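Everything quoted here is computed from the prediction, not taken from an experiment. Below, chains carry the letters A, B, ... as their sequence lines are ordered, and counting in each starts from 1.
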2 protein chains.
Amino acid sequence: MAQETSEGLIASAALTLKDIAREAGVSLATVDRVLHNRPGVRPATVRRVQEIIARNAFQPHVAAAELARGRARRFAFVMPTGANPFMQQIEAYLGEMSAWLSARRLNVELINTDVFDPSVLAASLEALSGEYDGVAVVALDHPAVRAAINDLVDGGTKVVTLVSDVPSSRRHHYVGIDNIAAGRTAGALVGRLVGQKPGRIAIIAGSQGLRDHAERIFGFNQVMGSEFSHLDILPLLEGRDDDDRSEQLISRLLGKHPDIVGLYNVGAGTQGVANALTEAGRGKEIVFVAHDLTAMTRRLLLQGTLDVAISQNPGHEARAAVRVLLSLARNEPILSEQEKIRIDILMRDNLP
Amino acid sequence: MAQETSEGLIASAALTLKDIAREAGVSLATVDRVLHNRPGVRPATVRRVQEIIARNAFQPHVAAAELARGRARRFAFVMPTGANPFMQQIEAYLGEMSAWLSARRLNVELINTDVFDPSVLAASLEALSGEYDGVAVVALDHPAVRAAINDLVDGGTKVVTLVSDVPSSRRHHYVGIDNIAAGRTAGALVGRLVGQKPGRIAIIAGSQGLRDHAERIFGFNQVMGSEFSHLDILPLLEGRDDDDRSEQLISRLLGKHPDIVGLYNVGAGTQGVANALTEAGRGKEIVFVAHDLTAMTRRLLLQGTLDVAISQNPGHEARAAVRVLLSLARNEPILSEQEKIRIDILMRDNLP
DNA sequence: CTCAAAATGAGTTGCGTACCTCAAAACGCC
DNA sequence: GGCGTTTTGAGGTACGCAACTCATTTTGAG
């Protein structure tokens with residue numbers, strides 16, 4: 001009876017800097033110096049103050065700190081030019097945050113540049129040095145870009161790679177998915193949905209030169225080879241993320257191989273691939289897996305031409321990038337579980 | 001050349017209340033009265049001030065507002081007692097937020113109570129009245145509970161239902177998934193993974209009396225009936241979310257029906273069901289779909305007994321509930337896209 | 001026009017931190 | 001023990017808003 005309801009408290013701590021100063025027997029100024037790694041404090045005192053901060057799990061009041069800084073923080077998002085729908089969705093979600101951003105006095109600037117040209121991208125990044133508190137960049141993995149990122153980091157700017165990573169750089173964080181795992185997921189889905197039926201599998205990508213496409217292909221082949229070896233994988237087609245070209249390539253392939261049972265589109269151009277499938281009258285019989293959720297892939301899922309869309313949530317990526325940059329700028333821990341981008345499997349019935 | 005790089009700005013606005021007051025030709029006090037719906041301002045003045053606030057897209061500085069309130073906000077999470085792993089995960093993720101919470105001077109209290117007894121739950125909720133700024137509750141849909149929620153809302157407390165909704169109440173928000181869609185997703189997966197093979201489908205739930213289970217069953221049957229009518233669905237078993245009981249029921253069923261090709265577990269007890277499958281030596285041949293990602297279902301997925309886990313991200317639910325309560329308390333708009341809980345399809349290769 | 005009620009202005013205080021200055025104290029070195 | 005240097009204390013200002021008081025002006029009803 002008495003124990004029917006129990007209570008627990010998560011996080012209390014209403015301590016202030018003044019409390020810490022009193023407990024440490026020093027002045028506010030000294031605590032402030034320790035907290036911000038400012039010089040002029042004896043090592044022994046630094047240790048004592050830090051110990052008391054740690055012992056009391058003291059957290060500076062974010063609101064007060066933010067207010068006291070005065071100036072607003074500036075973040076830059078370096079995104080590809082051109083009509084990539086996925087990138088446009090990210091930009092759109094940033095726009096939806098504008099009220100949230102301005103209520104926190106955060107300035108986010110969009111910088112569209114040719115991220116596929118390493119020297120152009122590197123130059124764009126160099127130009128940001130010193131101007132921004134944080135930079136999120138859809139980056140190509142190239143030595144020049146890596147160097148530009150490292151320069152930014154050295155200059156004190158927080159850097160987050162978005163969608164596409166540059167693991168060899170010293171960027172603070174990567175917001176995006178593991179593309180090998182995404183390719184594996186695609187492979188497992190194609191294989192499982194095809195079932196026992198023997199036949200061939202077609203695979204088309206934008207280009208093998210794109211890191212994310214290459215990784216997806218790698219993961220896909222890995223799974224197909226090890227678990228669905230009864231299925232024959234046709235040589236990779238390169239559709240250059242273009243609808244017309246993809247449609248032509250797939251049409252020709254379908255004509256040549258009447259025994260195709262599965263199809264994986266690694267990159268964009270899904271509409272073109274779907275057209276080819278429909279024209280051949282094999283839209284419902286061939287298992288078709290593609291990437292990203294757009295108005296178009298949503299339609300294809302609902303009408304059954306597309307069986308699965310593997311996607312990374314662009315809204316989540318946009319918001320995670322902003323939150324991570326903000327946490328980094330505040331020297332606040334990152335909620336890693338929250339900022340991790342999942343590989344979404346979207347079928348007709350779990351469309352968001 | 002000149003247009004290689006373009007720039008865009010998202011959200012600026014560094015206006016303060018003082019600016020608004022000046023532009024409206026009124027004093028700070030009046031703007032404050034308008035902003036907080038305090039009495040003593042002529043309707044015409046209210047309109048004029050509001051218009052200027054709207055025209056300039058003025059956003060009060062969150063940090064300043066938070067600092068000025070003085071007192072911390074108190075939120076209560078009313079969760080079920082007992083060893084439900086999913087609920088324990090939510091509580092664990094709340095614990096992981098503790099640094100984040102205390103840096104914002106937010107107090108979150110866990111209140112464990114018997115949420116399955118309407119009168120006990122209603123009493124627990126009534127007891128919170130006036131004590132908290134916000135309440136998140138895993139609620140049973142029952143008239144007494146509905147009334148208790150409405151009382152809280154009327155008392156000015158923000159209320160969010162968590163995992164399980166009470167749509168007939170006036171709760172401000174629901175953080176959780178659409179269980180009918182989850183059931184439909186399960187049905188589509190079972191049907192598609194089984195493929196052409198004819199046979200029977202087994203389905204076991206905790207209880208038909210639980211709203212979420214009933215909804216999932218409904219969605220599952222909907223899809224199976226309309227799209228996979230060649231598959232025969234066996235009568236529902238009730239395992240009461242208990243491993244042993246579920247194992248016994250499924251073992252008996254497997255013995256009786258050698259032609260079972262698919263199995264859907266609506267609730268808990270997945271370990272028991274898996275045991276029965278393994279003992280019968282049919283773990284890999286029967287398509288098995290269950291709910292929730294735990295250490296156990298993760299293991300079953302990796303070893304291939306379980307084919308798909310349909311899950312809602314407990315960490316996301318915990319954080320979304322806190323964020324929504326905070327936004328509600330601040331009278332701030334909610335980023336609905338962000339707070340929406342997705343139905344995750346988890347297979348071996350996209351395990352987070 | 002009068003007068004009470006309503007509306008508004010002007011001002012204050014405090015929230016907890018960042019950042020700054022200047023004086024005072026403690027320290028280490030010779 | 002005296003010196004310069006380093007360390008520390010004390011205090012102030014500012015950030016933008018909430019919440020309050022009190023005086024003053026405006027308004028509308030009679």
Margin query: Pick the closest DNA chain C nucleotide for A:L35 and for B:L67 by heavy atoms, then say which residue is nearer the 5' end.
Written below: B:L67
Note to self: Measure CZ/A:R22 against C1'/C:dG16 and give the value in whole Å, please.
What the structure shows: 14 Å
Check: Are B:E337 and A:R319 close enough for a salt bridge, meaning some N to O gap below 4.0 Å?
Finding: no
Note to self: Distance check, rounded to the nearest 0.5 Å: A:D19 atom CG versus A:I52 atom CD1?
What the structure shows: 11.5 Å
Next item on the list: Examine C:dC15: is either OP1 or OP2 under 4.0 Å from a nitrogen or oxygen in the side chain of A:H61? Give yes or no.
Entry: no
Item checked: Length of the line joining A:D19:CG and C:dG16:P, which is rounded to integer Å -> 9 Å
Item checked: B:R73 CZ to D:dA18 C1', straight-line distance once rounded to whole Å -> 12 Å
Check: Does OP1 or OP2 of D:dA19 have a side-chain N or O of B:R38 closer than 4.0 Å?
Finding: yes
Note to self: Less than 4.0 angstrom between a side-chain N/O of B:T30 and OP1 or OP2 of C:dG9, yes or no?
What the structure shows: yes
Check: Out of C:dG9, D:dA18, C:dT17, which has the shortest distance to the side chain of B:R105?
Finding: C:dT17
Next item on the list: Grab the NZ-P distance between B:K18 and C:dA10 for me, whole Å please.
Entry: 14 Å
Check: If you measure from CZ on A:R74 to CD on A:E131, what distance do you get to the nearest 0.5 Å?
Finding: 5.5 Å
Item checked: A:R71 vs A:A64, nearer the 5' end of DNA chain C by closest nucleotide -> A:A64
Next item on the list: Tell me what B:A29 touches on the nucleic acid: a base, only sugar-phosphate, or nothing, going by heavy atoms under 4.0 Å.
Entry: base
Item checked: Whole-Å gap separating P (C:dT17) and CG (A:N331) -> 16 Å
Check: Could you state the interatomic distance from CD (B:E91) to CE (B:M79), rounded to the nearest 0.5 Å?
Finding: 4.5 Å
Margin query: I need the CG-C1' distance between A:D32 and D:dA10, as an integer number of Å.
Written below: 14 Å
Margin query: Regarding D:dG9, can its base be found pairing with the side chain of A:R33 as donor and acceptor, where the two atoms are less than 3.5 Å apart?
Written below: yes
Checklist line | Length of the CD-P vector between A:E66 and C:dC19, whole Å | finding: 11 Å
Margin query: For C:dT17 and A:R69 - does any side-chain N or O of the residue sit under 4.0 Å from the phosphate oxygens OP1/OP2?
Written below: no
Check: C:dT12 C1' sits how many Å from B:L17 CG, rounded?
Finding: 16 Å
Notebook entry, point to check: Is a donor on one side and an acceptor on the other found under 3.5 Å between the side chain of A:R104 and the backbone of A:W100?
Noted result: yes
Check: Hey, does the side chain of A:R42 come within less than 4.0 Å of D:dT8's phosphate (OP1/OP2), counting only N and O?
Finding: yes
Next item on the list: Write down the partner of D:dA10 under the Watson-Crick or G-U wobble criteria, each distance required to be under 3.5 Å.
Entry: C:dT21
Next item on the list: Using a strict 4.0 Å threshold on nitrogen-to-oxygen distance, state whether B:R105 and B:E66 make a salt bridge.
Entry: no
Next item on the list: Check whether any side-chain N or O of A:T45 sits under 4.0 Å from OP1 or OP2 of D:dT7, and answer yes or no.
Entry: no
Check: How do A:G70 and A:V41 order along DNA chain D: which one's closest nucleotide is nearer the 5' end?
Finding: A:V41
